[in-house]
Amino acid sequence: MEFLAEEEPSISEKLDENGFPFLPLSDEDEEVEANLSISSSSESFASDFYRSGTDWSRLTEKSGKNFVQKDLFQMWGLKTDWSRLKEKSGNDLVQKDLFQMWGLKKPEELTTRASSKKRPNDGSQAESKVTKKGNVFGHNRQRVCPFYKKIPGTPFTVDAFSYGPVEGCKAYFLSHFHLDHYGGLSKGWSHGPIYCTHITARLVRMCLSVNPLFIHPLEIDTEYVIEGIKVTMLEANHCPGAALIHLLLGDGRCYLHTGDFRACKLMHSYPLLLNHHVNVLYLDTTYCNPKYTFPSKEDVLDFVVRITRNHLAMQPRTLIIVGAYSIGKEQVYLAISEALGVQIHANASRRRILVSFGWSELSGRLSSQGHLTPLHVVPISSLRFESLDQYLETYKDQFSAVLAFRPTGWTYSESVGSRLDLIKPRSKGKVTIYGVPYSEHSSFLELREFVKFLRPDKIIPTVNIGNAANRDEMHSFFREWLKTKDSELNSHSSNG
DNA sequence: GCGATCAGCT
DNA sequence: CACAGCTGATCGC
């Protein structure tokens, strides 16, 4: 299977100065582009995506400093023996040349696939289509991999598993194990090697039955050379196993893909982030708007523990329930568990997942006996009054009231903001539900601090890019953050 | 019958 | 709003 094995030079001919493929779009000044964004609704969604990636703010140089790195896991509040669980793996990863070179065809041409899926209802339209969710489809409803999931200058994609084989991709990175990122991965995956952290790798194997031969676990804070690119996974402060992906290209370019992350001060001491100027930052912009302000995780955990203690003081027979998705938010029930000295009940499938983290503080606190502990974890979807009433009924011999917490980042309220004391629960009968702003994404201010620390040349947002107004707004924030004067440059630098 | 995927919903 | 799914319907095998 010999393709037109293009050499690097011919590839770079098709890239612009930033390593992005050219598209038939005039790259004009902002005013023209702003008008385009509004008026050109007939353009393909892919080119719209593309334009959003070409007009980022630009900045000058950054000042590099050498800091001492602190314990990476302190942000989890842990002093745990993760090293014990590390699966053996060398840095000498063998790569096979499974796929052709990095494809740079136009989006419409990327959609063709060997096996054509036929749907009875779409015969006429041969153009790309856009769904409400922002997915771009080609001829035969094969999703098109959006540009921001491809890393130019590399044969890499990030979180791009639902597009079939991505042309030219030789390594598929998975930033973390949440459905909207691993979507498309399943037992039959055969499109190429998957790179991710050990925890994520374990979950991919356990939950998705992906052929282990495709899974390549990487140690955090360890440099690997993959396809000639230096790759390092960094703790992302999101869910267990989530990583920032740091890339050093042969030509000196440096990219950082945040996956999903919650920026924090500790990241300012990551040596890689201190020692390498980032050219392009792929940024999790979930809460990139000033209206999203929420407290630190620590403050929210203190709040949750305080509320719990108050309720137990008034009603000792209270069942404490924490809602959670598949993974993430573990600290919420762990904090309660430690404060009260009680076990955590979770169903078998959740226990299996939690145990797989290899987090002994958590594993040791799990219980399969719901009636023996007043602290339960349930799917967040069951945090409704009717469901909780039923749930309480099954434990009526032990408990007579329910206090539930729904931890989510978007329990924001303009008035509440970071004022936890303003949060009011919703109660009905014996059930009380608190929405608490425990977020595993960066707040607006945390994003700003991170970007001002990193001072990348360019920023590519990876979330909320479905409409032009959002993108324009984010890019104007980026420009603002990156245009700070030299006087501010050294304000946070010190000799550590 | 089963796994994968999609629209719609929260 | 939009997190990170969930549910039910449909498709392909």
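Predicted, not measured: the structure shown is a model, and the values here were computed from it.
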Which of these, A:Trp189, A:Phe173, A:Phe177, A:Tyr182, sits in a ring-ring contact (aromatic ring centres under 6.0 Å, His included) with A:Phe161? A:Trp189

At under 4.0 Å between heavy atoms, what does A:Asp260 touch on the DNA or RNA strands: base, sugar-phosphate, or nothing? sugar-phosphate

Whether the A:Thr285 and A:Asn464 side chains hold a donor-acceptor pair (N or O, under 3.5 Å, no angle test) is what I'd like checked. no

On DNA chain C, compare the nucleotides closest to A:Pro379 and A:Thr286; which residue's is nearer the 5' end? A:Thr286

C:dC3 C1' sits how many Å from A:Glu440 CD, rounded? 11 Å

Note: A:Lys396-A:Glu393 ion pair, threshold 4.0 Å (strictly below): yes

From C-beta outward on A:Tyr292, which listed nucleotide comes closest to its side chain: C:dA4, C:dA2, B:dA4? C:dA2

Rounded to whole Å, how long is the line connecting atom CG of A:Asp180 with atom P of C:dA2? 14 Å

C:dC3, OP1 or OP2 - any side-chain N/O from A:His178 closer than 4.0 Å? no

On a heavy-atom basis, the closest approach of A:Lys297 and A:His238 is NZ-O, 4.4 Å

Looking at A:Ser326, does any N or O in its side chain come under 4.0 Å of the phosphate oxygens OP1/OP2 on C:dG5? yes

When rounded to whole Å, the CZ to P distance for the pair A:Arg406 and C:dA2 reads 18 Å

Within this structure, what is the CZ-to-C1' distance between A:Phe261 and C:dC3, rounded to whole angstrom? 16 Å

Of all the choices, C:dA2, C:dA4, C:dC3, which nucleotide is nearest to the side chain of A:Val463 once you look at every atom? C:dC3

With a cut-off of less than 4.0 Å, is there a side-chain N or O of A:His181 near OP1 or OP2 of C:dA4? no

Is the phosphate of C:dC1 approached by A:His441 (side-chain N or O, under 4.0 Å from OP1 or OP2)? no

Just do the ring-ring contact (aromatic ring centres under 6.0 Å, His included) check on A:Phe477 and A:Phe444 with the steps written out, would you? CA-CA 10 Å; A:Phe477 286 131; A:Phe444 180 77; 4.9 Å; yes

Take atom CD1 of A:Ile380 and atom P of C:dC3, then tell me their distance rounded to the nearest Å. 13 Å

In whole Å, I'd like the distance from the NZ atom of A:Lys291 to the P atom of C:dC3. 11 Å

Nearest whole angstrom, please: distance from the P of C:dC3 to the OH of A:Tyr287. 6 Å

Rounded to whole angstrom units, what separation is found between the CG atom of A:Leu179 and the P atom of B:dG8? 18 Å

